[in-house]
Amino acid sequence: MKKMVFLFAFLTLMTNAQTIKVTTGKVERLEKFASKFVDPRNVDVWLPEGYSKSEKYAVLYMHDGQMLFDPQSTWNKQAWQVDSIAGKLMAENKIQKCIIVGIWNNGQKRHPEYFPEKVYHTFSVEQKKFISDILIKRKKKDSEFKPISDNYLKFLVTELKPYIDKTYPTYTDREHTFISGSSMGGLISLYAICEYPKIFGGAACLSTHWTGIYQNNDNPIPNELISYFKNYLPNPKNHKIYFDYGNQTLDSLYRPWQLKVDVVMKSKGYTSKNWTTQFFSGKNHSEEAWRERFYFPLEFLLKKDEK
């Protein structure tokens, strides 16, 4: 099966031209990357300026891949523009040479793929119905909510990562493998480093969606999430974790929960060497806001080793 996945991805890579514009480097698209765990989806692989098969690169996996590069290609005409930011930091010798793997989300299945599945199983029948009803009301789902994030992470770790490591000249170890996202993408990034601490050496979680259902009142989710992470956070000796949040629009909900998470981080032995939480006053929940500050997590996770 793995050989079939590799072959399919290779063939699509060769036959699909770049369809998005970047300001530095280039993007190779793996169109409809096949998986036995989740639905096929596009994966955009950004290669930096001067990319060479004779060098080795760290890898940053990012969720919501269709929102990362070209604002003219996105639904809201906003994008992180990670090519510009990463390219500039590499040119300034501030971060390791890396490639960025943008994994497209799956529309209506985005919430189920990004919601920590093991946390959901701790809820009562009544709580699960409450969560489903809220998500249906907010048009995030059109039927009963059932997380499938464990399969999403299996796709990432056992299918996509092996293909990336086979196709590109990457460092395959934990110390050079990172994961990042915003909102629900921040939540699944933290879940990923907890579930696969031997795979990921760092996670950047921007505007982490601690509420899960877009409200704080009568919400059982945040405390259960925090309880899970308290039990499963990886060893601070060989992992880095970045958090941030603003205080406008949806970000205005996050402060009380992020403060509780910060207490947990300290209790588990994390210090300024391997963890930071940044607050950005006046900033909202948008790609433009994340673009403005994306250089912070990039430098925190991929800072060059001091010789």
Side-chain angles (χ1 to χ4, degrees), residues 16-27 29-33 38-46 60-88 100-115 134-142 145 149 152 179-189 204-215 242-254 278-298:
N16 286 280
Q18 180 178 335
T19 58
I20 57 175
K21 294 180 180 179
V22 291
T23 59
T24 181
K26 65 178 182 178
V27 169
R29 173 161 296 171
L30 314 178
E31 189 167 330
K32 296 182 180 178
F33 191 96
V38 295
D39 294 338
R41 83 241 359 257
N42 291 344
V43 176
D44 289 334
V45 182
W46 177 76
L60 174 63
Y61 292 89
M62 296 189 69
H63 312 289
D64 296 314
Q66 60 265 61
M67 306 301 293
L68 298 182
F69 300 103
D70 180 6
Q72 295 307 310
S73 69
T74 68
W75 68 271
N76 62 359
K77 302 305 178 185
Q78 295 183 35
W80 293 56
Q81 295 178 260
V82 299
D83 54 297
S84 176
I85 299 165
K88 182 175 185 293
I100 296 176
V101 180
I103 309 154
W104 284 38
N105 72 49
N106 201 12
Q108 276 284 305
K109 291 184 180 179
R110 177 179 183 268
H111 218 82
E113 287 186 342
Y114 290 1
F115 192 101
I134 292 293
L135 291 175
I136 291 171
K137 181 180 179 181
R138 292 183 177 272
K139 298 182 180 180
K140 298 296 179 180
K141 286 292 296 175
D142 55 12
F145 180 61
S149 55
Y152 175 73
I179 191 162
S180 176
S182 62
S183 194
M184 288 298 293
L187 205 55
I188 189 63
S189 296
C205 312
L206 290 75
S207 299
T208 310
H209 193 49
W210 299 115
T211 70
I213 54 172
Y214 310 92
Q215 66 184 51
Y242 170 98
F243 295 110
D244 72 23
Y245 63 105
N247 59 0
Q248 301 299 309
T249 60
L250 196 54
D251 272 39
S252 66
L253 299 175
Y254 299 151
Q278 301 287 332
F279 169 62
F280 295 91
S281 182
K283 298 305 178 181
N284 64 15
H285 195 86
S286 68
E287 284 77 20
E288 287 188 349
W290 301 320
R291 172 183 55 78
E292 287 178 4
R293 62 184 190 252
F294 186 55
Y295 66 92
F296 277 111
L298 271 183

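Bear in mind the structure is a predicted one, so any value in this text is a computation, not a measurement.
- With contacts defined as side-chain heavy-atom distances shorter than 4.5 Å, the pair S180/L60 qualifies.
- Remark: aromatic rings of F280 and F296 are close, center separation under 6.0 Å.
- Taking D70 as the reference, nothing meets the side chain to side chain donor-acceptor pair (under 3.5 Å) condition, with sequence neighbours excluded.
- Here the closest heavy-atom approach between residue L135 and residue G212 is recorded as CD2-O, 4.0 Å.
- Looking at heavy atoms from C-beta onward, V38 lies out of side-chain contact with N106 at the 4.5 angstrom threshold.
- Here NZ of K26 is found 13.5 Å from CG of D44. Values are rounded to the nearest 0.5 Å.
- W290 places no side-chain N or O within donor-acceptor distance of the main-chain N or O of G181, the cut-off being under 3.5 Å.
- S84 pairs by the side chain to side chain donor-acceptor pair (under 3.5 Å) definition with nothing, not counting sequence neighbours.
- Across all non-hydrogen atoms, the minimal contact from K77 to Q72 is NZ-O, 3.0 Å.
- If you look at Y245 and F279, their ring centroids are closer than 6.0 Å.
- At a threshold of 4.5 Å between non-hydrogen side-chain atoms, the residues D244 and R293 count as touching.
- Residues meeting the ring-ring contact (aromatic ring centres under 6.0 Å, His included) test with Y214, sequence neighbours left out: H111, H209.
- A distance of 13.0 Å separates NZ in K140 from CD1 in I213, rounded to the nearest 0.5 Å.
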Practice item. Applying side chain to side chain contact (heavy atoms under 4.5 Å, CB included), run through M67 and N76 and close with a yes or a no. Key: CA-CA 9 Å; M67 306 301 293; N76 62 359; 3.3 Å; yes
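- Between the side chain of S189 and the backbone N or O of C205, no donor-acceptor pair lies under 3.5 Å.
- With values rounded to the nearest 0.5 angstrom, N247 atom CG is found 9.5 Å from N284 atom CG.
- Closest non-hydrogen pair, P71 versus Q81, comes out as CD-CG, 4.2 Å.
- For the salt bridge (charged side-chain N to carboxylate O under 4.0 Å, His left out) condition, the pairs that include at least one residue of residues 100-115, sequence neighbours left out, are D39-K109, R41-E113, D64-R110.
- Between L253 and T211, the shortest heavy-atom distance links the atoms CB-CG2, 4.0 Å.
- Summarising the geometry of Q66 relative to W104, their closest heavy-atom pair is OE1-CA, 3.1 Å, with the distance given to 0.1 Å.
- Note that CE of M62 and CD1 of I103 are 10.0 Å apart. Values are rounded to the nearest 0.5 Å.
- Residues that satisfy the ring-ring contact (aromatic ring centres under 6.0 Å, His included) test with Y152, not counting sequence neighbours, are H63, Y114.
- Across all non-hydrogen atoms, the minimal contact from P297 to L206 is CG-CD1, 4.2 Å.
- With a 4.5 Å cut-off on side-chain heavy atoms, W46 and V82 do not count as touching.
- Rounded to the nearest 0.5 Å, atoms OG (S183) and CG (D251) are 8.0 Å apart.
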Exercise for review: Evaluate side chain to side chain contact (heavy atoms under 4.5 Å, CB included) for K283 paired with E292, printing each intermediate quantity in order.
Suggested key: CA-CA 10 Å; K283 298 305 178 181; E292 287 178 4; 2.9 Å; yes
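- The shortest side-chain heavy-atom distance between V43 and Y61 does not fall under the 4.5 Å cut-off.
- Rounding to the nearest 0.5 angstrom, the gap separating the CG atom in L68 from the CG atom in D83 is 9.5 Å.
- Partners of F294 by ring-ring contact (aromatic ring centres under 6.0 Å, His included), not counting sequence neighbours, listed by chain and number: W80.
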